[in-house]
Amino acid sequence: MTDQAGTGGDIGRRLALRRDQLGLTAPEAAERAGVDPGYLRYVEEQPGASPGPGFLQRLAEALDTTVSRLRGGDAGVPPGAGRAARNPVLTELDPAECRALLADHGIGRIAVAAAQGPAIIPVNYDVVDGTVVFRTAPGTAPALAADSVVAFEVDRIDDALSQGWSVNITGSATRVTDPEDVRRLVAAAHTAPWAGGEREEWVRVDPVLITGRRVTAA
């Protein structure tokens, strides 16, 4: 885990998030971009920082992104809105590659049987000991996953390259009730649930079937 900042302005947070995605510390990103590491840290941490276009362009190139994205130009844009590649290639992923893509954290979608019918709900998830775990609150839709067979899906889309992947899991979901297990999951969690509130009920999904697909441009 890198030293991702979380107290700066919009540009600073996006810079920190992007280098964290690439596994770079602030000094490493600064060296790659040829900018002053102290100023990069200032931009990441100070809400009032207003870096110039030259600085942002060097950082964008070093972090394999665009100035527009660092400024939040793609915020609110649905993934997959770009055009399909001229010669797309669809490949099936083997279980090992599926697990490698899944074995991190982020937002996934859990499918459950609710009173009004099937429901798909986004959840913050982590992967611990090869299982998908997330926390929720009793009585909520995600909590319905416990003690049932569920489907879980995660994907990533690159609009610029018209490519992406998805991984799908079918497995048994159970509540985590052992206090020591709960403490371990809390310590391992990358973030608290984005939805906020008191969400102290942990659910674990043990994969029984795992499949995935990748779309690339020929």
Side-chain angles (χ1 to χ4, degrees), residues 1-91 93-94 96-109 122 124-127 153-167 188-192 194 212-218:
M1 181 65 62
T2 63
D3 54 339
Q4 180 179 341
T7 58
D10 289 349
I11 291 178
R13 287 195 295 269
R14 291 190 178 95
L15 277 170
L17 175 62
R18 180 56 185 159
R19 66 172 176 77
D20 190 60
Q21 291 171 339
L22 297 176
L24 297 173
T25 64
E28 289 169 341
E31 181 178 3
R32 179 182 290 191
V35 300
D36 179 67
Y39 185 62
L40 173 58
R41 177 61 70 188
Y42 169 79
V43 170
E44 290 189 358
E45 295 180 350
Q46 298 302 316
S50 182
F55 174 87
L56 288 178
Q57 184 62 46
R58 290 194 290 274
L59 260 299
E61 292 174 357
L63 300 178
D64 194 25
T65 185
T66 65
V67 172
S68 176
R69 287 182 176 177
L70 292 179
R71 292 185 181 276
D74 60 346
V77 178
R83 293 182 179 275
R86 179 170 297 180
N87 297 299
V89 176
L90 178 65
T91 56
L93 304 178
D94 61 46
E97 187 170 6
C98 289
R99 291 181 183 278
L101 291 171
L102 182 72
D104 198 356
H105 58 264
I107 299 293
R109 299 165 187 83
N124 294 98
Y125 81 94
D126 289 90
V127 175
E153 188 268 352
V154 63
D155 56 59
R156 299 288 184 270
I157 303 296
D158 188 331
D159 277 302
L161 299 180
S162 301
Q163 61 187 25
W165 55 263
S166 65
V167 171
H190 175 73
T191 179
W194 280 23
R213 301 189 300 171
R214 185 190 298 277
V215 175
T216 55

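Just so we're clear, the structure is a prediction, and the values are computed from it rather than from any experiment.
Taking both residues in full, the closest heavy atoms of R41 and A26 are given as NH2-CB, 3.5 Å, listed atom of the first, atom of the second, then distance. Shortest non-hydrogen contact noted between P51 and L56 is CG-CD2, 3.9 Å. What you find for P27 and P37 is that their closest heavy atoms are CA-CB, 4.4 Å. Smallest separation of non-hydrogen atoms from L59 and V35: CD2-CG2, 3.6 Å. Here the closest heavy-atom approach between residue A188 and residue D126 is recorded as O-OD2, 4.0 Å. Residues P88 and A85 approach most closely at CD-O, 3.2 Å, considering heavy atoms.
Expressed to the nearest 0.5 Å, how far OG1 of T66 lies from CZ of R71 amounts to 10.5 Å. Interatomic distance, CG of L22 versus CG of L17, reported as 9.5 Å (0.5 Å rounding). For the atom pair CG (L40) and CG (L15), the distance works out to 6.5 Å, reported to the nearest 0.5 Å. Distance check: L63 CG to R69 CZ gives 12.5 Å after rounding to the nearest 0.5 Å.
No more than 12 heavy-atom neighbours from other residues, nucleotides or ligands sit within 6.0 angstrom of CZ on R213.
Every residue meeting the side chain to side chain contact (heavy atoms under 4.5 Å, CB included) condition with E153, not counting sequence neighbours, appears here in chain and number order: R109, D155, S166, N168. In terms of the salt bridge (charged side-chain N to carboxylate O under 4.0 Å, His left out) criterion, residue partners of E97 (sequence neighbours excluded) are, by chain and number, R214. Applying the side chain to side chain contact (heavy atoms under 4.5 Å, CB included) criterion to S50, with sequence neighbours excluded, gives no partner residue. Taking V89 as the reference, T91, T216, A218 meet the side chain to side chain contact (heavy atoms under 4.5 Å, CB included) condition, with sequence neighbours excluded. By the side-chain hydrogen bond (donor to acceptor under 3.5 Å, both in side chains) test, Q57 is found to be paired with E61, residues two or more places apart in sequence or in another chain being considered.
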Next on the checklist: Is there a side-chain contact (heavy atoms from CB on, under 4.5 Å) between D64 and R18? Walk through the geometry before answering.
Outcome noted: CA-CA 9 Å; D64 194 25; R18 180 56 185 159; 3.8 Å; yes
Next on the checklist: Could you go through L101 and R156, starting from their C-alpha distance and side-chain angles, then the distance that decides it, and tell me whether this counts as side-chain contact (heavy atoms from CB on, under 4.5 Å)?
Outcome noted: CA-CA 10 Å; L101 291 171; R156 299 288 184 270; over 6 Å; no
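Screening R13, R14, R19 for a side-chain hydrogen bond (donor to acceptor under 3.5 Å, both in side chains) involving E44 leaves a single residue, R19.
Residues in residues 42-62 take part in these ring-ring contact (aromatic ring centres under 6.0 Å, His included) pairs, two or more places apart or across chains: Y39-Y42, Y39-F55.
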